[in-house]
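Heavy-atom basis, side chains included; hydrogens, waters and symmetry copies ignored.
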Amino acid sequence: MLYLNQLGMVCPLGESHAEISRRLFAGDSGVAMTTRHSPGRELALGSVETVLPDISALPLGQRSRNNQLALAALAQIRPQVDAAIQQFGAGRVAIVLGTSTSGIAQSEAAFRYRLQHERFPADFDYGQQEMASPAATLASVLGVTGPAYVHSSACASSSKAMASAARLIKMGLCDAVLTGGVDSLCAFTVAGFGALESVSAARCNPFSANRNGINIGEGAALFLMSKAEATVSLRGWGESSDGYHISAPDPSGAGARSAIEQALARAGVAPKHIDYINLHGTATVQNDAMEGRVIAALFTDDVALSSTKPFTGHALGAAGAVEAGLCWLAMQDDNPQGQLPPHLWDGACDPGLPQLNLLPIGACLGHPLRWALSNSFAFGGANASLLLGRE
């Protein structure tokens, strides 16, 4: 059995388990209007507002906001990670993360400087935007020498990273893995999704008849995974790559369905036993339609559903880990009534979608949350589902 022993997380809902849980269950969104990454156009974005760690002591190539977010999440569980390194040895601890932006924000700033001064600033290094930077940085800070790498498969990156971490332990290549994901807001990402006409100016509205796009977000969620018993385990995972289109999902949902079915089969759990599903729920017209059909085909009508992206924005490469983190928080002992993440939307049902049990604020199971499925369906048909179980 593989357990998610610890969670360090920073996201638009806050920087502590207590704050994130309180705001989540109360329906208090962390998405806010800003022009910070879209000059001249106000957009709803999920920004992390907490003070981040000082990175001036890091090598220049590792100094990025992305790595600051990762280090902020690490700081919350650093004693437990250090204890794992002490127990197993530096070569038996791995780091497997997901990201999509890495340090592109630092490159944006450097090119703006270059336009004005005809040279790059002294604090710019191309390595800041390398995809492997978060894993390399954490490995250096922690002194681990086990495998350290990054998955970058758009919105499924960190879910795939967690599946990869599980395989490393099962293959006997390591005894513990620091795994999850990190992504940071930047103008490049916001402009890119804007060019696709996929960005909503207001807070996103998943599964509504009025849905019109996503809110970009940022954050970091890091789990310490090992065989040491804990409250929550990663019981199943599934991955697929349908390659239907560079940005649009396969309308049939075949790849998404395959990922979910693999996760259920790996855990040996029937669909009827799932208590809660954290939907990918981007609030784009095509993605929600596809996911709604797949959920209706696989699960009972009363399975509890919500998309938490109206709380955090879409953290892209970090989304899978952040959303698994929200499930992990809901499965802890301090939630004995099984209060569940609500679905924030305008309540306007889309007649073209199946009827779904989208949760109101205050919804709870009346008992601890036992089984939670978290979906991540990315550009290019990269699909991943994680199944968490409470022991």
Among Ser164, Ser374, Ser153, Ser376, find the one that has a side-chain hydrogen bond (donor to acceptor under 3.5 Å, both in side chains) with Ser159. Ser376
Is there a donor-acceptor pair under 3.5 Å between the side chain of Arg63 and the backbone N or O of Ser56? yes
Taking all non-hydrogen atoms of both residues into account, name the closest pair between His367 and Asp275 and its distance. CE1-OD1, 4.1 Å
Listing request: all salt bridge (charged side-chain N to carboxylate O under 4.0 Å, His left out) pairs with a residue in residues 143-167, at least two apart in sequence or in separate chains. Lys160-Glu239, Arg167-Glu239
Ser241 side chain to Ala382 backbone, donor-acceptor under 3.5 Å: no
Taking Met1's backbone N and O only, do any of them form a donor-acceptor pair with Ser233's side chain (distance below 3.5 Å, no angle check)? no
Establish, from distance only, whether the side-chain atoms of Asp301 and Asn357 form a donor-acceptor pair under 3.5 Å. no
By side chain to side chain contact (heavy atoms under 4.5 Å, CB included), which residues pair with Ala228, not counting sequence neighbours? Asn5, Ser226
Kindly give the heavy-atom pair with the smallest separation between Cys327 and Leu388, and that separation in Å. CB-CD2, 4.1 Å
Shared hydrophobic cluster, Ile361 / Phe207 (ILVMFWY, side-chain heavy atoms < 4.5 Å): no
Donor-acceptor pairs are to be reported for all side-chain atoms of residues 131-138 against protein atoms at under 3.5 Å, with residues two or more places apart or in another chain.
residue	atom	partner	partner atom	Å
Ser133	OG	Asn67	ND2	3.0
Thr137	OG1	Asn67	ND2	3.1
Thr137	OG1	Ser133	O	2.8

Give me the one residue out of Val48, Ile20, Thr50 that meets side-chain contact (heavy atoms from CB on, under 4.5 Å) with Pro12. Val48
List the atom of Leu13, the atom of Asp28, and the distance in Å for their closest heavy-atom pair. CD2-O, 3.3 Å
To the nearest 0.5 Å, tell me how far Cys364 SG sits from Leu369 CG. 11.5 Å
Would you say the side-chain atoms of Arg293 pair up with the backbone N or O of Pro251, donor to acceptor, closer than 3.5 Å? yes
Tell me which pairs pass salt bridge (charged side-chain N to carboxylate O under 4.0 Å, His left out) where either residue lies in residues 259-269, with sequence neighbours left out. Arg257-Glu261
Name the residue from Ile295, Asn383, Asn278 that meets the side-chain contact (heavy atoms from CB on, under 4.5 Å) definition with Asn375. Ile295
Answer yes or no: are there more than 12 heavy-atom neighbours, outside Phe120 itself, under 6.0 Å from its atom CZ? yes
Donor on one side chain, acceptor on other, Ser64 and Gln68, under 3.5 Å: no
For Gly181 and Ala321, which heavy atoms make the closest approach, and how far apart are they? N-CB, 3.5 Å
If every non-hydrogen atom of Ser157 is compared with every non-hydrogen atom of Gly317, which pair is closest and at what distance? CB-O, 3.6 Å
Mark yes or no for whether His280, through its side chain, and Phe377, through its backbone, hold a donor-acceptor pair below 3.5 Å. yes
Nearest-0.5 Å distance, CG of residue Leu178 to CZ of residue Phe223: 11.0 Å
To the closest 0.5 Å, what do you measure between CD (Glu108) and OG1 (Thr189)? 7.5 Å
Which of Ile216, Asn215, Ile214 passes side-chain contact (heavy atoms from CB on, under 4.5 Å) with Cys204? It is Asn215
Between Tyr126 and Ser107, a side-chain donor and acceptor under 3.5 Å: no
Does Arg36 pair with Glu218 as a salt bridge, N-O distance under 4.0 Å? no
Mind jotting down which residue pairs meet the salt bridge (charged side-chain N to carboxylate O under 4.0 Å, His left out) criterion with at least one end in residues 189-215? Sequence neighbours excluded, please. Arg211-Asp288, Arg211-Asp350
So does Arg92 pair up with Asp175, basic N to acidic O under 4.0 Å? yes
Does Leu224 share a hydrophobic cluster with Leu2, counting links as ILVMFWY side-chain heavy atoms below 4.5 Å and allowing steps through other members? no
Selection residues 312-335 - residue pairs positive for side chain to side chain donor-acceptor pair (under 3.5 Å), sequence neighbours left out: Lys309-Glu323, Asp333-Arg390
In this structure, would Leu58 and Leu52 fall into the same cluster of hydrophobic residues linked by side-chain contacts under 4.5 Å? no
Please check if Tyr3 and Leu234 belong to a single hydrophobic cluster, counting links between Ile, Leu, Val, Met, Phe, Trp and Tyr side chain heavy atoms closer than 4.5 Å. no
Aromatic contact between Phe124 and Tyr113, with the criterion being ring centroids under 6.0 Å apart: yes or no? no
In short, Gly255 meets Asp242 closest at the heavy-atom pair CA-OD2, 3.6 Å
With hydrophobic residues grouped by side-chain heavy-atom distances under 4.5 Å, do Leu329 and Met331 end up in a single group? yes
